[in-house]
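Counting begins at 1 with the first residue of the sequence. The figures here come from the full heavy-atom set of this structure, side chains too, leaving out hydrogens, waters and symmetry mates.
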Amino acid sequence: MWRKEAEEHKDEYVTECSCNGFSGVFIRMFGSADDPVYFDFAVLCLRIYLSLILVTCAQKVCAIFLQSIGKAKAAAPLSVLRDVLLIVFSLLIPVFLGVTGIFWAAPAADVLAILATAVVMVRVWKELDQEKEEKEPAVAAIRPSRQGTVITIAREHGSAGKRIGQIVAEKLDIPCYYKELVAVAAQESGLAQEFISGINSDENAVMRELYLTADPVKRAVAAQEKAIRHIADAGSCVIIGRSADYVLRYYPNVARIFIYAPESYREKKVMEMYGDSPEAAKKSIARSDAARSAYYKSISGQEWGNPHGYELCIDASVGEEAAADMICSYIRRVGSVH
């Protein structure tokens with residue numbers, strides 16, 4: 001029966017395909033084409049609505065690309081921009097163009113979305129060029145070390161915890177991993193260093209919880225945790241940040257350190273390091289600490305900075321050298337006994 005009907009309407013299908021192309025065939029799949037008024041209107045609306053579908057795809061690809069390189073702050077709004085514009089235009093344009101205005105809303109949203117995306121992409125591309133010139137890529141290598149304590153350092157933003165950890169590594173003559181950890185994770189997973197580096201940054205404050213549950217972010221987290229374990233297996237070292245204290249929770253011979261400092265001290269440090277104004281320094285500290293707390297909560301279910309989760313908590317306002325000496329003294333005293 002189906003074949004007989006197809007043969008009877010063969011010439012009609014051919015005519016529709018030649019005159020209306022894909023639109024005519026598509027309309028017949030979902031409704032009757034007996035009424036020429038309905039058929040012509042449906043074809044017109046479909047052509048309007050899908051006229052810039054390739055632009056839509058390009059805009060979405062750009063948003064995914066920005067997320068993959070760690071530019072979540074730019075990617076998050078761009079990923080929903082076209083849909084938001086479509087809703088707005090679907091309400092406004094019909095006021096002027098009637099019912100067909102609903103379908104004109106799609107190409108109008110596509111045009112504005114791709115223009116905004118193009119502006120963002122140009123700016124990001126320039127930033128990437130500058131970063132490439134200014135920064136040397138971290139070497140993805142796990143350095144051999146003697147057996148002993150693995151020191152993890154969690155720190156509040158502006159507490160100089162990274163520098164303190166580097167001094168500790170120098171004093172104890174063991175490797176220190178910060179950017180190198182990200183490089184190892186990137187090498188093992190095939191993900192971009194920038195993307196892995198940005199998974200617990202403060203760039204995505206508005207949609208942070210949704211962002212941390214995305215599949216690419218989960219892959220990056222898994223790669224980072226695997227890299228932390230490989231580094232710990234290689235021997236005594238200092239691992240800065242990346243929730244290493246939780247990742248290595250079942251490892252023996254791990255000293256978990258938390259570096260904190262009064263807000264005034266941290267504001268001054270941030271102003272010195274980044275040239276921020278006092279107000280900008282306060283906002284930077286709040287955003288960064290909130291992002292670190294959210295990331296730690298998402299992978300551990302525990303409270304970041306809770307003193308009960310660390311063997312040693314140090315106020316960095318005593319000075320970087322003094323703080324590093326306290327950590328070294330503690331490590332030498334307890335050795336590998338925890």
**Request:** Let me see the working for Gln224 and Val184 under side chain to side chain contact (heavy atoms under 4.5 Å, CB included), right down to the final yes or no.
**Result:** CA-CA 8 Å; Gln224 183 173 267; Val184 171; over 6 Å; no

**Prompt:** Can you list the residues that meet the side chain to side chain donor-acceptor pair (under 3.5 Å) rule with Tyr296, with sequence neighbours excluded?
**Reply:** Asp245

**Item:** pair Cys62-Leu78: side-chain heavy atoms closer than 4.5 Å
**Value:** no

**Item:** Gap separating the CZ atom of Arg287 from the CZ atom of Arg292, nearest 0.5 angstrom
**Value:** 12.5 Å

**Message:** Is there a path of hydrophobic side-chain contacts, each under 4.5 Å between heavy atoms of I/L/V/M/F/W/Y residues, joining Val55 to Val111?
**Reply:** yes

**Item:** Over all atoms of both residues, closest heavy-atom pair of Ala261 and Ser159
**Value:** CB-CB, 4.3 Å

**Complete:** For Asp83, the salt bridge (Lys or Arg N to Asp or Glu O under 4.0 Å) test, sequence neighbours excluded, returns Lys60

**Message:** So Pro278 and Glu267, do their side chains get closer than 4.5 Å, heavy atoms only?
**Reply:** no

**Message:** Applying side chain to side chain donor-acceptor pair (under 3.5 Å), can you list everything that pairs with Ser145, at least two apart in sequence or on another chain?
**Reply:** none

**Message:** Which heavy atom of Ile153 sits nearest to which heavy atom of Gly161, and what is that distance?
**Reply:** CG2-O, 4.0 Å

**CG on Asp315 to CD on Glu156, rounded to 0.5 Å** = 9.0 Å

**Complete:** Across all chains, not counting sequence neighbours, the salt bridge (Lys or Arg N to Asp or Glu O under 4.0 Å) partners of Glu170 are Arg163

**Prompt:** Does Arg143 make a cation-pi contact with Tyr177 (under 6.0 Å, within 45 degrees of the axis)?
**Reply:** yes

**Request:** Flag this pair as yes if the NZ/CZ of Arg333 is under 6.0 angstrom from the six-membered ring centre of Tyr330 and inside a 45 degree cone about the axis; otherwise no.
**Result:** no

**Request:** Measure the shortest side-chain to side-chain distance between Thr152 and Val247 over non-hydrogen atoms and say whether it is less than 4.5 angstrom.
**Result:** no

**Request:** Can you sort out the partners of Phe258 under ring-ring contact (aromatic ring centres under 6.0 Å, His included), two or more places apart, ordered by chain and number?
**Result:** Trp304, Tyr310

**Prompt:** Which heavy-atom pair separates Ala113 from Leu81 by the least distance, and what is that distance?
**Reply:** CA-CD2, 3.9 Å

**Asked** Under the 3.5 angstrom rule, does the side chain of Ser284 hit a backbone N or O of Ala281 as a donor-acceptor pair?
**Response** no

**Item:** Chi angles and distances behind the side chain to side chain contact (heavy atoms under 4.5 Å, CB included) call for Leu172, Ser236
**Value:** CA-CA 9 Å; Leu172 297 178; Ser236 182; over 6 Å; no

**Item:** salt_bridge(Glu303, Lys297) N-O dist < 4.0 Å
**Value:** no

**Request:** Report yes or no: do Ile142 and Leu181 belong to one cluster of Ile/Leu/Val/Met/Phe/Trp/Tyr joined by side chain heavy-atom distances under 4.5 Å?
**Result:** yes

**Prompt:** Under 3.5 Å, side chain of Glu225 to main-chain N/O of Ala223, donor-acceptor pair present?
**Reply:** no

**Asked** Below 4.5 Å, heavy atoms only, C-beta onward: do Ile259 and Ile257 meet side chain to side chain?
**Response** yes

**Prompt:** Is the closest basic N to carboxylate O distance between Glu320 and Lys269 below 4.0 Å?
**Reply:** yes

**Asked** Any side-chain donor paired with an acceptor under 3.5 Å for Asp233 and Tyr251?
**Response** yes

**Message:** As a quick check of understanding, evaluate side chain to side chain contact (heavy atoms under 4.5 Å, CB included) for Val254 and Arg256, giving each step before the final call.
**Reply:** CA-CA 6 Å; Val254 175; Arg256 300 163 183 85; 3.9 Å; yes

**Item:** From NZ (Lys162) to NE2 (His157), nearest 0.5 Å
**Value:** 10.5 Å

**Prompt:** For the hydrophobic clusters of this structure (ILVMFWY residues joined by side-chain heavy atoms under 4.5 Å, transitively), does one cluster hold both Val334 and Val238?
**Reply:** yes

**Contacts of Asp276 that satisfy salt bridge (Lys or Arg N to Asp or Glu O under 4.0 Å) - sequence neighbours left out** = none

**Item:** Same cluster (ILVMFWY, side-chain, under 4.5 Å), Tyr265 and Ile285
**Value:** no

**Prompt:** Side chains of Thr56 and Arg82: closer than 4.5 Å at any heavy-atom pair?
**Reply:** yes

**Asked** Got Ile167 and Glu321 here, is their nearest side-chain heavy-atom distance under 4.5 Å?
**Response** yes

**Euclidean distance, Lys171 NZ relative to Ile327 CD1, rounded to 0.5 Å** = 11.0 Å

**Request:** Please answer: with hydrophobic residues joined when any side-chain heavy atoms are less than 4.5 Å apart, are Leu91 and Leu85 in the same cluster?
**Result:** no

**Asked** Under 3.5 Å, is there a donor-acceptor pair between the side chain of Ser300 and the main chain of Gln302?
**Response** yes

**Prompt:** Does any non-hydrogen side-chain atom of Ile299 lie less than 4.5 Å from one of Val221?
**Reply:** yes

**Message:** Can you tell me how far apart CD (Glu180) and SG (Cys237) are? Round to the nearest 0.5 Å.
**Reply:** 11.0 Å

**Residues Asp289, Arg155: salt bridge by 4.0 Å N-O rule** = no

**Prompt:** Are the side chain of Ser243 and the backbone of Tyr246 linked by a donor-acceptor contact shorter than 3.5 Å?
**Reply:** no

**Request:** Rounded to the nearest 0.5 Å, what's the gap from OH on Tyr260 to CD1 on Ile314? Could you check?
**Result:** 8.5 Å

**Intermediate values then yes/no, side chain to side chain contact (heavy atoms under 4.5 Å, CB included), Ile240 and Cys176** = CA-CA 8 Å; Ile240 298 172; Cys176 180; 3.6 Å; yes

**Asked** Would a 4.5 Å heavy-atom cut-off, applied to side chains only, mark Met326 and Val318 as touching?
**Response** yes

